[in-house]
Structure formats: C-alpha cells, structure tokens
Participant: 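Quick one: the structure is below, and I'll ask about it shortly.
In what follows, every chain begins at residue 1, and chains take the letters A, B, ... in the order their sequences are listed. The basis for the numbers below is simple: all heavy atoms, side chains too, and nothing from hydrogens, waters or symmetry mates.
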Amino acid sequence: MFNPPNPKKFFATVWNIVEQIPEGKVSTYGQIATMIPASDGTDPDQMKRLAPRWVGTAMRKTPKGQNIPWHRVINSQGKVSFPEGSPQAEEQYRLLEMEGVEFDNKGKVDFDIVGWEGPNYEYLESNDLFPPKPFT
DNA sequence: CGTTTGACTACGC
DNA sequence: CGCGTAGCCAAAC
C-alpha cells in the first residue's frame, strides 16, 4: 500500500512539481501523484487510487508566500475541487481565468488545451530537486 | 489522547 | 451522466 515513506519530503516534492506548472496550464492531483515514484514498490493501480489523496493533503498544507501556483491543480474531472460557490472555489476560478484558462458551462476545463505535459525531469534531476528534496 | 476530517480517484451500477 | 464506495493516515480538533 502506498504511503509517503517521508510525508515531509513527499509534500515538498509535490510543491516542487506544482511550482513548475506554467501559466495558463493545469495539472491534476492524480497526474502529479504519478510523477512521484513509489519508493516502496506499491502496485501502480494502488498508486492511482491512493496517492492523489496525499497530493491533496500536500496542497492543503501548501506554504504561503512561496509563490506556489496552487490554483493550477484541479481534479481529474477537470473541475476545481472546492465546493461550488465557496470562496476558495471562486478564487481558484478567478485566478485561472485571469491567466486564460477557459471553463465550459459545466465548469470543466479541456485538458487537451490547458493540460500540463508534465515536469521537465532532466531539469529536476540536474538541480537535485528530484527525487524528493524538502524545503529548508 | 481519541475522533473527525479531508484541495482524490477509479470503478461499479 | 450521477451517486456511492474503498483505500488510507497525518493533522486538526
């Protein structure tokens, strides 16, 4: 079963990845989760189900004042994961629309248009940002 | 210190 | 499409 061997590092890795989502693009909790290698040999199918929760947990703890584009992370359905109408949801929609992300009449984005391709692994590795390196 | 609570997702109906 | 469920545990109460 997947669980972060070291939650602190796992969270930091999530933030590292989120920081690289460019303006006008979005990623999902699950997508980000799959970018982080399971260090405990967890079955990939289990990863799909369990890891996203941890990404969500990481996002909940996103440090403020570090310019982390938290709003560019949405759920696999292409919608923001806050209750519709909540201040946080409104804020997230606002921030995204401000950078050109469009939502259809159901509040969904088109991943074909604004989906993020993923992080630059070579860049991450060359800067020792990946595997997990905690903020200090 | 015990209980509740999540910024999730795939899958089955 | 929508709705319910399992899987799972660090934090926040």
Participant: Rounding to a whole Å, what distance do you find between A/Trp54:CH2 and C/dA11:C1'?
Facilitator: 10 Å

Participant: To the nearest angstrom, how far is A/Asn75 atom CG from C/dG2 atom C1'?
Facilitator: 15 Å

Participant: One pair to check against side-chain contact (heavy atoms from CB on, under 4.5 Å): A/Tyr29 and A/Trp54. What are the steps and the verdict?
Facilitator: CA-CA 9 Å; A/Tyr29 304 93; A/Trp54 283 103; over 6 Å; no

Participant: Could you state the atom-to-atom distance from NZ of A/Lys79 to C1' of B/dT9 in whole Å?
Facilitator: 14 Å

Participant: Please pick, from C/dA11, B/dA7, C/dC1, the nucleotide with the shortest atom-to-atom distance to any side-chain atom of A/Lys106.
Facilitator: C/dC1

Participant: Under a 4.5 Å side-chain heavy-atom rule over Ile, Leu, Val, Met, Phe, Trp and Tyr, are A/Val114 and A/Phe103 clustered together?
Facilitator: yes

Participant: Taking only side-chain N and O atoms of A/Arg60, does any of them lie within less than 4.0 angstrom of OP1 or OP2 on B/dA7?
Facilitator: yes

Participant: Check the distance between B/dC8's C1' and A/Gln77's CD and give it to me in whole angstrom.
Facilitator: 9 Å

Participant: Figure out the CZ/P separation between A/Phe11 and B/dC8, and round it to whole Å.
Facilitator: 13 Å

Participant: Considering only side-chain heavy atoms of A/Met59, which listed nucleotide, B/dT9, C/dA11, B/dA7, is closest?
Facilitator: B/dA7

Participant: How long is the line joining CD of A/Gln31 and C1' of B/dA10, in whole Å?
Facilitator: 16 Å

Participant: In whole angstroms, how far is the P atom of B/dT5 from the NZ atom of A/Lys61?
Facilitator: 19 Å

Participant: Given B/dT9, C/dA10, B/dA7, identify the nucleotide with an atom nearest to the side chain of A/Thr28.
Facilitator: B/dT9

Participant: Counting only heavy atoms not in A/Glu102, do more than 12 sit closer than 6.0 Å to its CD atom?
Facilitator: no

Participant: Can you tell me if the side-chain N/O atoms of A/Ser76 get under 4.0 Å from OP1 or OP2 in B/dT9?
Facilitator: yes

Participant: Count the heavy atoms of every other residue, nucleotide or ligand shown that sit under 6.0 Å from CG of A/Asp104, and state whether that count exceeds 12.
Facilitator: yes

Participant: Among A/Ile32, A/Val55, A/Thr62, which residue meets the side chain to side chain contact (heavy atoms under 4.5 Å, CB included) test with A/Val18?
Facilitator: A/Ile32

Participant: Taking atom C1' in both C/dC13 and B/dC1, what distance in whole Å separates the two?
Facilitator: 12 Å

Participant: Which nucleotide in the set B/dG6, B/dT9, C/dA10 lies at the smallest distance from any side-chain heavy atom of A/Arg53?
Facilitator: B/dG6

